[in-house]
Every structure is written in structure tokens, then in C-alpha cells.
Amino acid sequence: MRITPDCSSGADVSCAPARDTASGNQPVLLSAEDACASYIQRGSLSVSKGGLFWLQTDPSLGATTLWHLTDQGPLRLGPQTLSIRSRVNGYGGGALAASDLGVFVVSEDQQIHFIDLMDGHCQQLTDECGVAYGGLVADPARHRVLAVREADGRQQLVAVGPDQGIQILHSGQDFYGAPSFSDDGCHIAWVSWQLPDMPWLRTELWTAVVTESGWLRGCETWPTPSEASVQQPVFAGNRLWVLSDHGGWWQPWRLDPDGINGDWIGSDAPTLDHANASWQLGESHHAPLVGGGWARIRYCNGTGELWLLDHEGRQGRRVAQPFSDFRDLCSAGAELYCIARSSTQLDAVLAINPGTDQVRVVAGGEEAMTGRSPALPQSFVVPPASTSDPAIQGFFYSPISEEAENPPPLILVAHGGPTSAAYPVFNPHIQFWCQRGFAVAEVNYRGSTGFGRHFRLALAGRWGEADVEDMERAADYLVARGLVDGRRLFIQGRSSGGYTVLMTLIASRRFAAGASMYGVTDPLRLRAATHRFESGYLDWLLGSPHQYPERWHARTPLHQADRIRTPMIFFQGGQDQVVVPEQTRAMISMMQAAGLSPELHWFDDEGHGFRAQSSQAGMLTWLYGFYRKHG
């Protein structure tokens, strides 16, 4: 992993306690119910001549709704009963596309609808069973929308319109990414990938000409100079740009069909990732500006930075610096729009003037903890342990309780994925712990996204090993610096993060207790039951079980349960279709047979990831009691 000392975010910020002292008053403790209370999330920003639109998830409504920016401010659009969500690949994305006359959306039941901006009428365009749609992209010239259609174990690139039904534009690839149109609507680009690959490992870029009747001709692929993950094709006028990591980082590249020295032209971008792993369709980390130039996101030591650059992506400046992660970049007229996140606010819809760098919050951006001072993230970097081990980055949150002990106990968090990352953005659960005297550290272990291709792929065949080593290194580093109490170290994780927790406790005796939230205990069983999108993922993480049976046995917590000598607490949903309940039941039984006494908290009506506020609050409450008991 390359740590960049001279980037705007800094490399190893001092881990001295950080507080927001603006209020000057000691806040009331955040209750478990408050920490799990409904807070609004925003995403899927889309802009057209018809205006600016986004999706808003409000758990108190139990729905994801469509919103429109009007002269009077944000306004909900569409029928009150309409909830919007794509289920393509299991993770969705691209459930909204704004066109000139209206908005295309995917409803919860996976049908495409068109909402007319003139009269608000909502027209259902598809009526199919067993189908999922996502990756919507409007085609205003033909009054239709392009989409990824998933049915019968395969995907297609299709077009859907109010009057023409469904047109299959391209098929034959296992997976499709969201397409992109040239400004004149005559050219199109998209990416695809084949099993067993994940989209952050290897994808292929396609282009085609769009005929007057809307069909595609001249479909061709653009091989990268070396193996690569290509994502987010975008046209600036009729020039095609993509983000590709064949140079070691997801960086901008321009395609030159007439190039003498190769088709791929670099942009002198810094050696940083300009995107993250594409678990969802329709992500946008770069966008051409209407007046010329580019807006691009860079990930520097775990923090997202928004930069405005010239037309070749060279000269630039950072904007919107109070925010630490950005998504859904799009531009229209004289402004750039995006979703921005920070450590003190809820998701904000920003409008940025590239001429003046003025930033306006046009929706959202509410104070995350009204009347309370939040704990703020501090970046830390664990130096390499040897020439073969990379540096490891993470975010440390000091306790903000006046009664906090020095040094405080630590909760070490393994993020899920595992090809994902921890970001320095508001998390109410972290605030819950910091207000009760705990320090919290989120670790971007090997395999995390945002630190280059080599670091991201370092988990291949080493899941349950490299991530475990990095979690241990992070704990030891924070103890050695005197920031936390080495006798009171706790470790927790959700889903794949729960697997990392279990494997860490099998290998280590340095932790006082551990918590697995619907964590993987039997990878082989998960492999047999997982959905199509991730059907090759576990073989990449652990190698083929037929070729490496000893490795799979050694990296299966269920088979190593008797080696755990640390108090454990488990949380499991009875309706979980990813980590099925039998995995946790079997793990509990094996630990009990070994003379251990793990705690189990069961939630009959929950799936993979608890949604009910009462379930989340109950989990926090039980965790707090468990850590107090063992710390």
C-alpha cells in the first residue's frame, strides 16, 4: 500500500484525542435507541434538462423515495406508495435515471416506471416476474432508458420506452455495467465481465454505434495494455474516458481510436485510486464539466477528495474540503452536483460552481448529532512490519466521555466486503461507544479498496490470514503508542468482517472479547449457497476447495472452534439468506462442545443486516453489557 505524505488528507495524523468543542457543553449520552434511530441517507443523484433528482432512504418510512430540487427546495416526487430499489447482482444500483421529460425508476418489485414531470403521472413500463433491473441510463433522444436486465441466471443490456417495449441491445456476457452515451447520442460504451471474476478484478470495455432506430452496430472491445478492472466509461463530447487500474491504480484514461502508439492515453493523474470497488451499478466518481474540464474523486489515505481539473485532467484544485467522501458526480449548466458525506453531517446534496469554487448545500447536510459533540476520525498508518508487509491505514476515534480512562479500552472494527473500505464519515454506532469511554479503530486491512490494485488483490488466497495479521498489527500499534489499553482490546465485525474476527481470535490471545454480527463461519457452505454475482468470489479469496482442501479446513472457523479461548458474542437473523442461520447455530454448538460458553442473540425476523431499529438498539445494548463484563 502506498502512503502519500504530501496528499491533501495527510498521511499519519496525530492520534491525540479529537473533539468538536463548538458547543462548549457536555452532551447528554447518546442512547442505543438514538444511535440506531432513523437517519436519512441520499444517493443515486441524476440531472437532466428536467432538473436534479435523487433517492432518499428514510427508515422511519420504510421506503426509498424519489426527490426533486425545485425553486422552493426539495420536493418528493411520485406516488406515495412507490418505493425504489434495484436488486441486480443482489446489491442493486442505478435505480434512477433523469430524462428531459421525466424520470425512470425501478420499483421494489423490479419493474421500470416513468414519472412524467408535467402531470406527475407514473406509468409502469415493464410487467415481468423473476426479473431485476438496474444501471438505468436515460436516452433522451429516443425517449427511452437503457438498463441491465437480469433474469434466468443471465444478464442483458436492454432499452425500455413508453411506446417501444423491451429491446435487447446486447447479450452473451455474464455481467453488464451501466452504459454511457456520447453527447450526440450516436455512440455508447459499457463494461462487462465474466464468471468467476468480480468487477474489481477484471472487466472488458465495449463500444458501439447507436443507429437511428436505436439498435447497436459495430460492437467492439478495447483490450487494456495489461489485465485490469475498467469502470465508469464517460463521454466528454464524443471523446471517451474510463477509469482503469492497468497502471496499478484506478486512474482516468482516454481512448483514442486512431492512436499510433496505442489506444490508451493517460492523463498524468496522481498514483491514487479515483474510484472504489463497484459493488453497485451506476456509480460516478468522475464527470466532465459543461464549460470544459473535469471533476474527479481521489482516495488519499482512506479519505475521499473532490478535485476540479482542466480538460486534460492536469491543473487542478481541491474543493468542498469539509467533506470526506463523494459519490454520484454529475454536471449541468454552470454547476457540478454530487452527494457528499462527512464525519459531522448527514448526506448532503451539493451544488458547486467550478468558476468560483462556491459550494452550496441544496438538500440534506443536517447536523448529525444535534446538541452533541461528535468524536472525530483521525487517520493513522501502521508502518510496514517487514519489506514484504505493506503499511496499513485506519481511522481512530478517541473517547469523548469526561469519565474516560487513560488509556481507554479499544473496539477494533473489521469492515465487511471484504473488498470494501472504512471511510471517515458519520457513524452513530461509533459515537455510542466513544461517549461511553471506548476508543474505536476501523482498519483498512489488505484487500481493502482505495489503496491501489496490488493492495486490493493482496487478499487473493489469503483471506483469514492477511486480514488477520493486519488487524493484529493495528491493535499492537495503537497499544504501543499509548493510545489504548492493551488489556482491554475488543474486536468486532459484520458479515465477512465477522469471519475476520473469528479467524483473528483463533490465531490470537491478545483480545479480551470478540463479537460476530451474522459473520461467516463456514465458507464452503456459503460457497454452495451464494448468489451468482459472488459465485466465484470465495474461490478467489481462498483458492479452489478442490485444489486447496487443507487451506479451506484451516480457514474455516467452524472447524477451528475449539481453538477460540476468548469470550464471544454472536448476533444472527433468522431470515438471513446470505449467512444462513445454521452457520451460527453450528458454530455455537462446536464451541459449547469444546467447553466454551458463547453468547447468542437471535432475531427471528431479521435478515443479513438488521433493519429494525429495535434490533439494532438491542444489539448495541447487549454488546455494551458484554464488553463491560469482559473489560
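For the numbers below, each heavy atom of this structure counts, side chains included, while hydrogens, waters and symmetry mates do not.
At a threshold of 4.5 Å between non-hydrogen side-chain atoms, the residues Leu502 and Phe570 count as touching. Residues Arg87 and Arg85 are in side-chain contact: their nearest non-hydrogen atoms beyond the backbone lie under 4.5 Å apart. Inter-residue side-chain proximity for Gln435 and Ile400 is flagged as met; some heavy-atom pair is nearer than 4.5 Å. You'll find the side chain of Leu541 reaches within 4.5 Å of the side chain of Pro418, heavy atoms only.
Minimum interatomic distance between Phe326 and Gly304 (heavy atoms only, all atoms of both residues): CE1-O, 3.6 Å. Between Phe395 and Asn444, the closest heavy-atom pair is CE1-ND2, 4.2 Å. Nearest heavy atoms, Ala507 versus Val468: CB-CG1, 4.2 Å. Here the shortest heavy-atom pairing between Val484 and Ala439 reads CG1-CB, 4.0 Å.
Asp273 contributes a side-chain N or O that, together with a main-chain N or O of Phe451, makes up a donor-acceptor pair within less than 3.5 Å. Between the side chain of Asp328 and the main chain of Ser44, a donor-acceptor pair closer than 3.5 Å is present. Remark: side-chain polar atoms of Asn89 are not paired, donor with acceptor, to backbone N or O of Gly92 under 3.5 angstrom. A side-chain donor-acceptor contact under 3.5 Å links Gln577 to the backbone of Gln575. Not one N or O on the side chain of Gln492 forms a donor-acceptor pair closer than 3.5 Å with the backbone of Ala515. Listed for the Ser83 side chain is a donor-acceptor partner under 3.5 Å among the backbone atoms of Thr64. Proximity of a side-chain donor or acceptor of Gln232 to a complementary backbone N or O of His285 within less than 3.5 Å is detected. Although no hydrogens or angles enter the test, the distance criterion places no donor-acceptor pair under 3.5 Å between the side chain of Ser342 and the main chain of Pro322.
Between Tyr537 and Trp200, the gap from one ring centroid to the other is short of 6.0 Å. Between His601 and Trp622, the gap from one ring centroid to the other is short of 6.0 Å. Ring centroids of Phe571 and Trp602 are separated by 6.0 Å or more, keeping the two rings apart.
Remark: Arg42 does not engage Asp347 in a salt bridge, criterion side-chain N to carboxylate O under 4.0 Å. In summary, Asp389 and Arg446 engage in a salt bridge, as defined by a charged side-chain N under 4.0 Å from a carboxylate O. Salt bridge absent: Asp58 and Arg76 never bring a charged side-chain N and a carboxylate O closer than 4.0 Å. For Asp476 and Arg473, the salt-bridge test fails: no basic side-chain N is under 4.0 Å from an acidic carboxylate O.
Aromatic ring pairs are classed by plane angle as parallel below 30°, tilted from 30° to 60° and perpendicular above 60°; the pair Tyr627 and Phe438 is tilted. Taking the six-membered ring for Trp and thresholds of 30 and 60 degrees, Phe396 and Phe380 have ring planes more than 60 degrees apart, a perpendicular arrangement.
Shown here are the side chain to side chain contact (heavy atoms under 4.5 Å, CB included) partners of Ser614, two or more places apart in sequence or in another chain: Ala612.
Distance check, rounded to the nearest 0.5 Å: CD of Glu305 to NE2 of His274 gives 9.5 Å. In this structure, CD1 in Ile491 is found 8.0 Å from OG in Ser508, a value given to the nearest 0.5 Å. A distance of 13.5 Å separates OG of Ser401 from CH2 of Trp433, quoted to the nearest 0.5 Å. Separating the OG atom in Ser343 from the CG atom in Asp325 is a distance of 11.5 Å, to the nearest 0.5 Å. Here the CG atom belonging to Leu410 is positioned 10.5 Å from the OG atom belonging to Ser398, to the nearest 0.5 angstrom. To the nearest 0.5 Å, the span separating CG on Leu505 from CD1 on Ile564 amounts to 6.0 Å.
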Determine, stepwise, if the pair Asp245 / Arg456 fulfils salt bridge (Lys or Arg N to Asp or Glu O under 4.0 Å). CA-CA 11 Å; Asp245 67 355; Arg456 188 174 72 250; 2.4 Å; yes
Full working for side chain to side chain contact (heavy atoms under 4.5 Å, CB included) between Met568 and Met591: CA-CA 10 Å; Met568 276 292 309; Met591 292 182 71; 4.0 Å; yes
Determine whether Glu606 and Ser615 satisfy the following criterion, side chain to side chain donor-acceptor pair (under 3.5 Å), listing intermediate values before the conclusion. CA-CA 8 Å; Glu606 293 288 359; Ser615 300; 2.7 Å; yes
After noting the C-alpha distance and the side-chain angles of Gln583 and Thr521, does the key distance pass the side chain to side chain donor-acceptor pair (under 3.5 Å) rule? CA-CA 6 Å; Gln583 284 212 24; Thr521 66; 3.2 Å; yes
Using the side chain to side chain contact (heavy atoms under 4.5 Å, CB included) rule, take Val578 and Thr530 through it: C-alpha gap first, then chi angles, then the decisive distance, then the call. CA-CA 7 Å; Val578 179; Thr530 195; 5.9 Å; no
What's the verdict on side chain to side chain contact (heavy atoms under 4.5 Å, CB included) for Leu329 and Tyr337, showing C-alpha distance, side-chain angles and the deciding distance? CA-CA 6 Å; Leu329 270 58; Tyr337 300 98; over 6 Å; no
Any chance you could lay out the salt bridge (Lys or Arg N to Asp or Glu O under 4.0 Å) test for Asp357 and Arg317, step after step, and finish with the verdict? CA-CA 9 Å; Asp357 295 350; Arg317 60 203 182 276; 2.9 Å; yes
Could you walk me through whether Trp54 and Val349 satisfy the side chain to side chain contact (heavy atoms under 4.5 Å, CB included) test, starting with their C-alpha distance in whole Å, then the side-chain angles of each, then the deciding distance to 0.1 Å, before giving a yes or no? CA-CA 9 Å; Trp54 65 91; Val349 181; 4.1 Å; yes
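In this structure, a donor-acceptor pair under 3.5 Å is absent between the side chains of Tyr499 and Asp467. A donor-acceptor contact closer than 3.5 angstrom links the side chains of Gln393 and Ser379. Looking only at atom types and distance, the side chain of Glu442 has no donor-acceptor partner in the side chain of His415 under 3.5 Å away. Side-chain polar atoms of Glu534 and Tyr91 form a donor-acceptor pair below 3.5 angstrom.
In this structure, Arg436 satisfies the cation-pi test against Tyr624, with its NZ or CZ atom closer than 6.0 Å to the six-membered ring centre and inside 45 degrees of the ring normal. A cation-pi contact, defined as under 6.0 Å to the ring centre and within 45° of the axis, is absent between Arg298 and Trp249.
The 12-atom threshold is not exceeded at CZ of Arg487, counting heavy atoms of other residues, nucleotides or ligands nearer than 6.0 Å.
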Can you give each donor-acceptor pair under 3.5 Å made by side-chain atoms of residues 421-431, sequence neighbours left out, with the distance rounded to 0.1 Å?
unit_1	atom_1	unit_2	atom_2	d
Tyr423	OH	Asn276	ND2	3.2
Asn427	OD1	His429	N	2.9
His429	ND1	Arg494	NH2	3.2
Gln431	OE1	Ala375	N	2.7
Gln431	NE2	Ala375	O	3.1

